[in-house]
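Both counts, for ligands and for their atoms, begin at 1 and track the order of listing. Just so it is clear, the model here is predicted, and its values are computed rather than measured.
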Amino acid sequence: MRANRGWWDRNADEYQTEHGTFLGDDRFVWGPEGLDEVEAELLGPAEELKGKTVLEIGAGAAQCARWLAGQGARPVALDLSHRQLQHALRIGGDFPLVCADAGALPFADGSFDLACSAYGALPFVAEPVRVLKEVRRVLRPGGRFVFSVTHPIRWAFPDEPGPEGLTVAASYFDRTPYVEQDEDGRAVYVEHHRTVGDRVRDVVAGGFRLVDLVEPEWPAWNTQEWGGWSPLRGNLIPGTAVFVCERD
Ligand SMILES: C[S@@+](CC[C@H](N)C(=O)[O-])C[C@H]1O[C@@H](n2cnc3c(N)ncnc32)[C@H](O)[C@@H]1O
């Protein structure tokens, strides 16, 4: 968590400069493919969002929460990184911003109707079940949690948008985390790999029922590269997995 917070605090400005236009200030985009909640309706029909309390986890600059507020929902945007939330403040919005860890949510049981996370927290935590259990705790019975993560198959390929990113270079089954270190050997960035099966088991262990697993296809209109995500690779293998879960 320490490495994670530090990395996002140091890199939030660059992230928002690089991706802010694609994300839009008040759009709800699930990942680099550009799947938009307007079309996907993974949280349910937009007209049913009005009045719903929604927790956005790993919100960054809270673009998704801002879209939810525009639908009449009552979002709370939570992120571990203070600097990311400063970007949320800069863009503005009439909803609470909370700086906290997804593994220890500062809310009472049953506070929310829905929860969502677009690439927030779950790719970066060593104990995803702890996060899922926390989200379950703060949701009301029947509440939905929809989260997107890097598609597990991408772990096997180099993080390159060009042809060099199309050849398997690592074992899909190797769960060793990806770690970047500083000159003193301290971890400064950590990303954790889970296979598809691991993610399904995590969802169930967290007390959820898996309703759908969406693998957005790369649309023809999207010519943008985002790290290793690109039109070239996106046309061949999935880059994002969106888990649609309901609290038992
Ligand atoms: C890839 S960004 C996604 C941000 C935003 N959802 C978006 O689509 O632009 C990941 C975000 O997750 C946040 N994050 C990472 N670990 C977290 C944790 N344990 N608890 C809460 N937020 C976390 C980071 O600070 C960062 O803002």
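- Residue Ala100 has at least one heavy-atom neighbour below 4.0 Å for each of these atoms of ligand 1: 20 (N), 21 (C).
- Counting heavy atoms closer than 4.0 Å to ligand 1, residue Ser117 contributes nothing at all.
- Within the structure, the closest approach of Pro123 to ligand 1 does not fall below 4.0 Å when heavy atoms are considered.
- The nearest protein atom to atom 4 (C) of ligand 1, hydrogens excluded, is given as Gly58 O, 3.4 Å; this is a heavy-atom distance.
- Only the side chain of Leu23 comes within contact range of ligand 1, with a heavy atom under 4.0 Å; no backbone atom does.
- For atom 20 (N) of ligand 1, the closest heavy atom belonging to the protein is Ala102 N, 2.9 Å.
- Geometrically, Arg154 engages Trp229 in a cation-pi contact, judged by NZ or CZ lying under 6.0 Å from the ring centre and within 45° of the ring axis.
- Proximity of Val29 to ligand 1, defined as any heavy-atom pair under 4.0 Å, is not found for any part of the residue.
- Relative ring orientation between Phe208 and Phe145 is described as tilted, the plane-to-plane angle lying within the 30° to 60° band.
- With respect to the salt-bridge test (charged N to carboxylate O, under 4.0 angstrom), the residues Asp25 and Arg66 do not qualify.
- Residue contact check for ligand 1: Ile57 places no non-hydrogen atom closer than 4.0 Å to it.
- Between His193 and Trp155, the ring planes lie parallel to each other; the angle is under 30°, not in the 30° to 60° tilted range.
- By the 3.5 Å distance cut-off applied to N or O atoms, Tyr15 is counted among the residues near ligand 1.
- Near Gln84, meaning under 4.0 Å from any of its heavy atoms, are these atoms of ligand 1: 26 (C), 27 (O).
- Only the side chain of Asn4 comes within 4.0 Å of ligand 1, counting heavy atoms alone; its backbone N, CA, C and O stay farther away.
- The shortest heavy-atom distance from Ala59 to ligand 1 is under 4.0 Å.
- Against a heavy-atom cut-off of under 4.0 Å, Phe124 is close to the following atoms of ligand 1: 10 (C), 15 (C).
- For Arg74 and Asp113, the salt-bridge test fails: no basic side-chain N is under 4.0 Å from an acidic carboxylate O.
- Within a 6.0 Å radius of CG in Asp94, other residues, nucleotides and ligands contribute 12 heavy atoms or fewer.
- Scanning the protein for heavy atoms near atom 22 (N) of ligand 1, the closest one is Leu80 N, 3.2 Å.
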